[in-house]
Amino acid sequence: MASRSVKKRQDGVWRARYRDEAGKEHARHFKRKVDAQRWLDSVTASVVRGDYVDPKTARLTVGEWCDLWLVGYATRRPSTVRQAKVHVNVIRDGLGDKRLSDVKPSHVKAWTVQLQGKYAPSTTYAIYRRLAQIMSDAVHDGIIPKSPCSRRTSPGQAKQRPYVATTHQVWALHDAMPEHLRAAVLLGAFVGLRVSEAVALRVSDVDFMRGIVRPEVQYPDEPLKTETSRTPIPIPHELALALSANVERYGGPTIVTNQLGRPVGPAAVEHAVRAVRGTVEGLPEGFRFHDLRHYLASLLISQGLDVKVVQTRMRHANATTTLNVYGHMFPDTDESARAAVAVAFASRADSLRTEAGS
């Protein structure tokens with residue numbers, strides 16, 4: 001701290017003042033000298049601890065900081081920024097009028113309880129994580145000394161086992177879809193593409209002769225976010241022929257098209273799935289296009305592929321993600337563990353018999 005002082009004014013009021021490292025002066029007035037000194041000492045202590053915050057900056061409300069934060073966040077891809085704006089609108093509704101420095105962990109916990117009454121657990125968690133990100137950046141900028149978000153305030157992320165369709169249901173869904181959109185089902189169930197990847201898959205991204213799909217972009221023609229998402233995916237000759245036949249029939253630049261051969265968006269595919277899923281026996285009401293990825297994972301696991309291969313085919317960043325979502329599908333874990341221990345006991349019994357016979 002550059003300078004500090006406590007002086008008595010002519011009106012009898014004690015004026016405590018200091019200049020921060022930037023040379024900016026801050027002052028407060030007190031009736032008693034001891035109070036002025038105590039305030040100045042507390043400011044000095046915060047500087048020493050490294051959690052000093054400019055008093056004027058600390059008056060920012062959550063809503064005002066969200067506006068500033070979004071300006072800096074605008075460098076991200078448009079779809080990412082759009083999602084952030086949706087989350088920020090919810091944050092503003094609940095906490096926007098509060099000063100950043102006034103938001104306590106108890107406020108965050110009460111707010112997340114309100115969210116849980118309005119949104120699904122996964123949505124609540126995503127909005128909370130956005131608040132945690134925004135608060136963390138406020139700490140990084142020196143606006144607040146500490147974030148009110150922590151593991152104690154987190155609502156937790158609900159873990160639900162995905163619905164896995166049967167092979168019969170997948171083909172029934174395929175046959176029920178409009179003919180020009182059936183290729184989307186093939187890409188979801190047998191290639192594992194997400195809906196935004198499936199509708200954006202270009203003809204040039206598929207090597208029909210060698211049977212390789214190379215995802216490069218997602219709707220509406222944006223690069224995929226990670227290198228893992230661009231992992232080439234091998235497909236059988238039969239699937240390559242089916243996709244090629246779709247290209248020959250509709251002649252568009254993408255594998256999935258409308259009746260005129262023009263690209264379609266994710267909404268068109270999702271709407272078609274919702275329209276026909278009720279005609280497929282056993283499919284739940286909430287079945288989504290994304291559930292076709294779960295079918296592919298179960299298909300690979302049922303064929304005996306290990307977790308690393310499944311991870312690669314699902315294009316997960318790491319095996320932990322694969323195990324968190326699909327670990328329950330890997331067969332005979334309990335029996336295999338019993339058998340491993342039983343081998344040790346059998347070895348012991350053989351050893352004792354050998355000793356007894358010698």
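Side chains are part of it too, since the values below use all heavy atoms of this structure and drop only hydrogens, waters and symmetry mates. For the single chain, residues carry numbers from 1 onward in sequence order.
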Which heavy atom of Thr124 sits nearest a heavy atom of Leu115, and at what distance?
OG1-O, 3.5 Å
Does any N or O in the side chain of [X] come within less than 3.5 Å of the main-chain N or O of [Y], such that one atom is a donor and the other an acceptor?
X: Gln37; Y: Val34; result: no
X: Ser302; Y: Ser298; result: yes
X: Asp141; Y: Ile143; result: no
X: Arg293; Y: Gly192; result: yes
X: Trp65; Y: Ile134; result: yes
X: Thr312; Y: Lys308; result: yes
X: His107; Y: Lys104; result: yes
X: Ser136; Y: Ala132; result: no
X: Arg77; Y: Pro223; result: yes
X: Arg230; Y: Leu224; result: yes

Contact between [X] and [Y] at the side-chain level, heavy atoms closer than 4.5 Å - yes or no?
X: Thr153; Y: Thr112; result: no
X: Leu68; Y: Leu60; result: yes
X: Leu70; Y: Lys85; result: yes
X: Gln169; Y: Tyr163; result: yes
X: Lys225; Y: Thr80; result: yes
X: Tyr219; Y: Val264; result: no
X: Arg202; Y: Glu216; result: yes
X: Asp205; Y: Pro215; result: no

Is there a side chain to side chain contact (heavy atoms under 4.5 Å, CB included) between Arg182 and Val185? Walk through the geometry before answering.
CA-CA 5 Å; Arg182 290 177 181 174; Val185 175; 5.6 Å; no
Atom pair [atom1] ([X]) and [atom2] ([Y]), whose distance is rounded to the nearest 0.5 Å:
X: His290; Y: Glu270; atom1: NE2; atom2: CD; answer: 10.0 Å
X: Arg288; Y: His294; atom1: CZ; atom2: NE2; answer: 5.5 Å
X: Met314; Y: Ile233; atom1: CE; atom2: CD1; answer: 9.0 Å
X: Glu222; Y: Ser196; atom1: CD; atom2: OG; answer: 9.0 Å
X: Ser244; Y: Met209; atom1: OG; atom2: CE; answer: 10.0 Å
X: Ile144; Y: Leu100; atom1: CD1; atom2: CG; answer: 5.5 Å

For [Y], is there an ion pair with [X] - N to carboxylate O distance below 4.0 angstrom?
X: Glu64; Y: Arg92; answer: no
X: Asp11; Y: Arg9; answer: yes
X: Arg277; Y: Glu285; answer: no

Can you see whether [X] engages [Y] through a side-chain donor-acceptor pair at a distance of less than 3.5 angstrom?
X: Thr166; Y: Tyr295; answer: no
X: Arg262; Y: Thr257; answer: no
X: Thr226; Y: Ser229; answer: yes
X: Gln116; Y: Tyr128; answer: no
X: Trp14; Y: Asp35; answer: no

When you group the ILVMFWY residues by side-chain heavy-atom contacts below 4.5 Å and let the links chain together, are Leu239 and Tyr250 in the same group?
no
Go through Val191 and Ile235 one step at a time and tell me if the side chain to side chain contact (heavy atoms under 4.5 Å, CB included) criterion holds.
CA-CA 7 Å; Val191 186; Ile235 60 173; 3.9 Å; yes
Using side chain to side chain contact (heavy atoms under 4.5 Å, CB included) as the criterion, point out the one residue from Val217, Val213, Thr254, Val256 that pairs with Leu201.
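Passing option: Val213.
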Under the side chain to side chain contact (heavy atoms under 4.5 Å, CB included) test against Phe190, which residue among Leu193, Leu187, Leu186 passes?
Leu186
Applying side chain to side chain donor-acceptor pair (under 3.5 Å), can you list everything that pairs with His180, at least two apart in sequence or on another chain?
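Testing His180 for side chain to side chain donor-acceptor pair (under 3.5 Å), a comparison that skips the adjacent residues, returns none.
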If the plane angle is over 60° it's perpendicular, under 30° parallel, otherwise tilted; pick one for Trp171 and His174.
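Rings of Trp171 and His174: perpendicular, over 60°.
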Should the heavy atoms of other residues, nucleotides or ligands under 6.0 Å from NE2 of His271 be counted, would the total exceed 12?
no
Atom CG of Asp175 with >12 non-hydrogen neighbours under 6.0 angstrom
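Atom CG in Asp175 is crowded, with more than 12 foreign heavy atoms closer than 6.0 Å.
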Partner residues of Asp207 under the salt bridge (Lys or Arg N to Asp or Glu O under 4.0 Å) criterion, sequence neighbours left out
Arg210
